[in-house]
Number of protein chains: 2
Amino acid sequence: MQHNLKKINSELNPNVSVDCVIFGFDLEQLTVLLIDRGEISSAFGPRLALPGNLIYDNENLDMAANRVLDELTGLNNIYLEQVGAFGDPDRIHKESDREWLKSIRAEPEARVITVAYFTLVPMSDYKPQASSFAKNADWVPLNEIKELAFDHFEILQSAKEKLKQKIKIQPIGFNLLPEKFTLSQLHRLYESILDKPLDKRNFRRKIQKLDILTSLREKQRGVPHKPSLLYQFNEEKYQELTQTGFDNFGF
Amino acid sequence: MQHNLKKINSELNPNVSVDCVIFGFDLEQLTVLLIDRGEISSAFGPRLALPGNLIYDNENLDMAANRVLDELTGLNNIYLEQVGAFGDPDRIHKESDREWLKSIRAEPEARVITVAYFTLVPMSDYKPQASSFAKNADWVPLNEIKELAFDHFEILQSAKEKLKQKIKIQPIGFNLLPEKFTLSQLHRLYESILDKPLDKRNFRRKIQKLDILTSLREKQRGVPHKPSLLYQFNEEKYQELTQTGFDNFGF
DNA sequence: ATAGCTTTGTGTCAATTTTACACTATCCAA
DNA sequence: TTGGATAGTGTAAAATTGACACAAAGCTAT
């Protein structure tokens with residue numbers, strides 16, 4: 001309702017939009033939540049696009065990004081970080097793009113600056129097929145994405161790079177995992193993000209030395225092999241650690 | 001003239017501006033090039049502001065940032081990096097801000113998103129007092145800045161942080177020094193940016209091991225103490241180094 | 001029940017990097 | 001010539017990194 005008030009009291013700004021790169025992790029590889037713009041647009045260009053929308057004149061950029069995320073997935077209070085602003089005057093160059101813009105009430109000829117955010121959500125928290133929201137959204141493995149609408153592919157690359165950098169400074173990866181996870185899952189996650197193999201034993205040693213994980217006395221169940229111990233991210237220990245000025249979470 | 005054509009053929013976009021955090025280094029500390037908005041605004045709030053301007057509808061964001069920098073300092077082909085987009089709807093809240101906006105032909109009531117960039121320029125390359133451009137611009141030591149117009153102080157903090165992070169990945173610091181510099185100057189520069197003391201011997205050892213400096217056979221002149229050897233940044237060696245995937249320039 | 005499959009979990013050693021630390025050399029100015 | 005200021009240099013201990021292989025645990029199929 002607060003939501004509705006906003007929309008009633010405020011106008012869409014025709015010049016500024018927000019796009020979200022919503023990363024997920026299927027325990028094997030990184031994925032991104034993309035919008036399928038449907039058959040019509042496919043005749044002209046890529047069907048897939050990042051979720052995004054114009055901003056309202058009375059909301060700040062972070063709010064707008066949260067709103068887009070919420071409207072699409074129903075999720076809020078999710079880790080969210082700005083990637084940057086993108087705005088080539090000629091970024092809208094395909095007929096399909098214009099059609100699409102009309103559908104979100106944007107002026108196709110207007111020059112639009114978009115501010116991109118990336119967010120990390122546990123894939124288990126959002127199953128598109130089960131959602132009553134946009135049924136045309138779905139998780140797509142990162143390495144299957146070859147093109148996107150507008151300049152979204154470029155934005156995606158930027159977001160990946162930002163994520164790569166950021167994870168060396170702050171252990172945000174946990175946002176992509178279920179609350180309880182195994183060290184192997186965390187290991188695979190870091191390999192996916194950093195896009196390079198990491199020695200298993202060295203990875204474990206290093207992450208454990210950080211002392212920001214709580215080892216649960218609980219084991220994985222239903223796996224056809226030796227079950228792994230489960231761990232949880234320990235927010236308190238992490239806070240203690242950062243208060244010493246520590247900021248090296250790199251691998 | 002290319003310049004003029006742009007202005008004639010294109011409109012200012014009333015919703016999007018670009019602000020530049022122009023860092024300098026006086027061989028002792030970091031400085032920032034700020035605009036003095038004059039007596040009028042001082043009655044209402046901070047006189048000092050980041051240089052910035054609205055963008056034209058036909059230029060991309062990077063071009064706009066370069067233009068702002070060029071218009072103010074006459075410098076171009078300068079290292080420039082995006083900090084991010086800033087856009088609280090209420091960022092313009094002072095009477096002085098409105099006056100100022102009118103003076104740059106912006107609509108005081110409009111909601112303006114600003115995209116911030118930071119750039120590193122050798123202070124010696126631009127002396128405000130000698131410039132025929134904006135005489136109301138001047139270098140201000142970073143630690144003397146307590147407040148700025150609009151949300152510029154927040155932008156400045158962000159830019160500092162980005163610079164701090166970036167310098168750990170890419171040795172961009174050289175952009176702040178004259179072509180020939182001493183290791184002590186480089187040392188002080190790193191301490192200023194990272195905002196922490198670095199051991200002299202360890203710093204020298206590490207930076208020399210990178211092998212991206214050319215040691216000149218030339219000494220400092222006119223200093224009242226033992227003159228230092230001068231060095232130059234070696235672009236070729238740096239390129240070789242990065243081509244191996246190396247990206248750890250941290251201290 | 002057993003054998004085979006799959007993934008977990010673990011230790012060591014060498015090489016490298018980091019940290020802490022103090023004195024002599026050189027030039028200028030008085 | 002002396003005093004003041006900064007440049008320039010090495011070493012040893014501690015911590016971190018990187019490379020590397022095999023036994024243990026549970027599931028499945030026979």
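Reminder, nothing fancy here: chain letters follow the sequence lines and each chain counts from 1.
Contact annotation: Ser228(A) does not reach the phosphate of dT7(C) (side-chain N/O to OP1 or OP2, under 4.0 Å). When the side-chain nitrogen and oxygen atoms of Ser184(B) are compared with OP1 and OP2 of dT6(D), none of them lie within a distance under 4.0 Å. Here Lys209(A) reaches the OP1 or OP2 of dT16(D): one of its side-chain N or O atoms lies under 4.0 Å away. OP1 or OP2 of dT17(D) has at least one side-chain nitrogen or oxygen of Lys206(A) nearer than 4.0 Å.
For Arg201(B) against dT18(C), no side-chain N or O and base N or O form a donor-acceptor pair under 3.5 Å.
Taking the side chain of Arg205(B) as heavy atoms from C-beta on, and the options dC21(C), dG8(D), dT11(D), the nearest nucleotide is dT11(D).
Atom CD of residue Gln165(A) and atom CD of residue Gln170(A) lie 13.5 Å apart, to the nearest 0.5 angstrom.
Rounded to whole Å, the distance from CZ on Phe203(B) to P on dT18(C) is 13 Å.
Counting non-hydrogen atoms of neighbouring residues, nucleotides and ligands closer than 6.0 angstrom, the CD atom of Glu179(A) reaches no more than 12 such neighbours. Within a 6.0 Å sphere centred on NZ of Lys180(A), heavy atoms belonging to other residues, nucleotides or ligands number 12 at most.
With hydrogens and angles disregarded, a donor-acceptor distance shorter than 3.5 Å links the side chain of Arg188(B) to the backbone of Leu27(B).
Nearest-nucleotide assignment on DNA chain D puts the 5′-proximal partner with Gln185(B), out of Gln185(B) and Asn202(B).
Using a 4.0 Å cut-off between charged nitrogen and carboxylate oxygen, Glu81(A) and Lys166(A) count as a salt-bridge pair. No salt bridge links Asp199(A) with Arg204(A); every basic N to acidic carboxylate O contact stays at or beyond 4.0 Å.
Counting any heavy atom pair closer than 4.0 Å across all strands shown, Thr182(B) reaches no nucleic acid atom. Nucleic acid contact for Leu183(B): none, since no nucleic acid atom lies under 4.0 Å from a heavy atom of the residue.
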Extract from the structure each pairing of a protein N or O with an N or O of nucleotides 26-30 of chain D at less than 3.5 Å, listing the distance.
from    : atom 1 : to        : atom 2 : distance (Å)
dG26(D) : OP1    : Lys219(A) : NZ     : 3.0
dG26(D) : N2     : Pro224(A) : O      : 3.4

